[in-house]
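Take a look at the structure below.
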Protein chains: 2
Amino acid sequence: MTYSIAQAAERTGLSVDTLRYYERIGLLEPPARDSGGRRVYSDADLTWLDFLTKLRLTGMPIRMMREYAQLRYRGVMTAGRRKQLLVEHRADVLERIAELRSCLDVLNYKIDNYDQILRDQAARERAAATPEEATA
Amino acid sequence: MTYSIAQAAERTGLSVDTLRYYERIGLLEPPARDSGGRRVYSDADLTWLDFLTKLRLTGMPIRMMREYAQLRYRGVMTAGRRKQLLVEHRADVLERIAELRSCLDVLNYKIDNYDQILRDQAARERAAATPEEATA
DNA sequence: GTAGAAGTTGAAGCGCACTCCAGGTCAACC
DNA sequence: GGTTGACCTGGAGTGCGCTTCAACTTCTAC
């Protein structure tokens, strides 16, 4: 299967502008062109773009993605370095998850606090509405 | 306890410039000033800054942090809305963690792949070093 | 054969969250 | 009382990751 840039954008969830941008900065090897000079993306291109998207989602900086891409072009002998990049990045992702979890604890604590405050407020309002009960 | 801007920066892990920036954009109520016009941060200021830092770490956009800050200035009657903001943001954080986990799976899969490739490479190198074994 | 949609290029622009700079004030120490 | 260093202000600059623009070409359908 082959895809126009619009189809590739649709399938990867990236914009056509981003596809051209990724090509320009060297994340993507220039795809084939049709007789009219238009880009023609292959399934392999899309697979690679999907993987890039995963890396982006995890916050890998573009310069690191570029290094990875360049190594890939240079073939199987760069597998060691590529693995190393991914292992390093995985450590970053794990750290990030741990960080988010710890912030989540704070968030939960705060939300519980607000629950308490709001319950107290509601109780005071009920008391104000039925003042005869207030001293009971 | 009170703190100079440098001490506040040190304790919160933010830069001096960022502290002034946060104040300028309304994340932080202008702290007290000493006789020479210098900022004097209180413990309450630092506590608030710590919380802001948590929110930033979880990727809350500054415009949302600002909304939260403005509500806080307006007092206890805004507790409901503030809780709502935190609850919404908590959902975002949970989603983000799930996303990272799913990317982590891809990362692990890729790394396993590289392990396999590298093992095969090593095996071929051993075979090349002792060719008489290659046919055994 | 002409309109309109989709594609091309190089370059400029944007939103975010800071970060840095120039030029000045103030307080503390020698 | 002179120097040093921390702090002040308003405003400009930065890096990242796109996004938009202008001007042009090409294909498709009527």
Side-chain angles (χ1 to χ4, degrees), chain A residues 2-42 45-46 49-69 89 92 96 99 103, chain B residues 2-42 45-46 48-70 89 92 96 99 103:
Chain A
T2 63
Y3 310 85
S4 71
I5 193 164
Q7 291 168 330
E10 157 104 84
R11 302 220 168 207
T12 58
L14 298 165
S15 75
V16 295
D17 287 310
T18 300
L19 289 177
R20 287 193 279 245
Y21 167 68
Y22 277 9
E23 181 183 334
R24 188 151 38 90
I25 64 174
L27 284 187
L28 184 63
E29 276 189 295
R33 297 290 179 125
D34 69 11
S35 58
R38 295 171 178 179
R39 290 172 181 79
V40 175
Y41 293 85
S42 67
D45 289 331
L46 296 204
L49 282 168
D50 283 342
F51 181 57
L52 284 181
T53 302
K54 291 286 182 193
L55 294 181
R56 275 301 298 128
L57 275 178
T58 54
M60 183 186 279
I62 282 200
R63 107 190 63 84
M64 193 173 178
M65 285 165 53
R66 182 153 47 197
E67 182 180 356
Y68 187 91
H89 184 57
D92 290 346
R96 182 88 186 99
E99 188 175 76
C103 291
Chain B
T2 63
Y3 310 86
S4 71
I5 194 165
Q7 289 167 330
E10 157 104 86
R11 302 222 169 204
T12 58
L14 297 166
S15 74
V16 170
D17 284 312
T18 299
L19 288 177
R20 286 194 280 244
Y21 167 67
Y22 278 7
E23 182 182 334
R24 189 151 36 93
I25 65 174
L27 285 187
L28 185 63
E29 275 189 296
R33 299 287 179 129
D34 68 12
S35 56
R38 296 171 178 179
R39 290 173 181 78
V40 175
Y41 293 86
S42 68
D45 290 331
L46 296 204
W48 171 237
L49 282 168
D50 283 342
F51 181 57
L52 283 182
T53 303
K54 291 286 182 192
L55 294 181
R56 275 301 299 127
L57 275 178
T58 55
M60 183 186 278
I62 281 199
R63 108 189 64 83
M64 192 174 180
M65 285 165 54
R66 182 155 47 198
E67 183 180 355
Y68 187 90
Q70 307 292 325
H89 184 57
D92 290 346
R96 182 88 187 101
E99 188 175 77
C103 291

Response to the item:
Note: contacts of residues 29-39 of chain A with DNA chain C (heavy atom, under 4.0 Å) are A:Arg33, A:Gly37, A:Arg38, A:Arg39
Name the atoms and distances for all side-chain donor-acceptor pairs under 3.5 Å in residues 13-24 of chain A, with sequence neighbours left out.
unit_1, atom_1, unit_2, atom_2, d
A:Ser15, OG, A:Asp17, N, 3.4
A:Ser15, OG, A:Thr18, N, 3.0
A:Ser15, OG, A:Thr18, OG1, 2.8
A:Glu23, OE1, A:Arg39, NE, 2.6

Practice prompt. Could you tell me which non-hydrogen atom of B:Thr2 sits nearest to which non-hydrogen atom of B:Gln7, and how far apart they are?
Written response: O-OE1, 4.1 Å
Worksheet entry | Euclidean distance, A:Met60 CE relative to A:Tyr68 OH, rounded to 0.5 Å | 8.0 Å
Worksheet item: Which value, rounded to the nearest 0.5 Å, describes the distance between A:Tyr41 atom OH and A:Leu46 atom CG?
Response: 9.0 Å
Item to complete: Heavy atoms of chain A, cut-off under 4.0 Å: which first and last nucleotide of DNA chain D, 5' to 3', fall inside that, if you could look?
Response: D:dC16 to D:dC27
Discussion item. Under 4.0 Å, counting only non-hydrogen atoms across every strand here, what does A:Ile5 touch: a base, just sugar-phosphate, or nothing?
Written reply: sugar-phosphate
Discussion item. Just to verify, what does A:Glu10 make a side-chain contact (heavy atoms from CB on, under 4.5 Å) with, not counting sequence neighbours?
Written reply: none
Item to complete: Work out which heavy atom in A:Gly26 is nearest to a heavy atom in A:Ala69; give both atom names and the distance.
Response: O-CB, 3.7 Å
Worksheet item: Under 3.5 Å, is there a donor-acceptor pair between the B:Asp50 and B:Thr53 side chains?
Response: no
Worksheet entry | Residue pairs fulfilling side-chain hydrogen bond (donor to acceptor under 3.5 Å, both in side chains) with at least one residue in residues 57-67 of chain A, sequence neighbours excluded | A:Thr58-A:His89, A:Glu67-A:Arg81
Discussion item. Rounded at 0.5 Å granularity, tell me how far CG in B:Leu27 sits from CE in B:Met65.
Written reply: 4.5 Å
Worksheet item: Has A:Ser4 got a side-chain N or O lying under 4.0 Å from the OP1 or OP2 atom of C:dG7?
Response: yes
Worksheet item: Going from CG on B:Leu49 to CG on B:Leu28, what distance comes out if it is rounded to the nearest 0.5 angstrom?
Response: 5.0 Å
Worksheet item: What string of B, S and - do you get for nucleotides 16-23 of chain C, 5' to 3', if B is base contact, S is sugar-phosphate-only contact and - is no contact with any protein heavy atom under 4.0 Å?
Response: SBBBB---
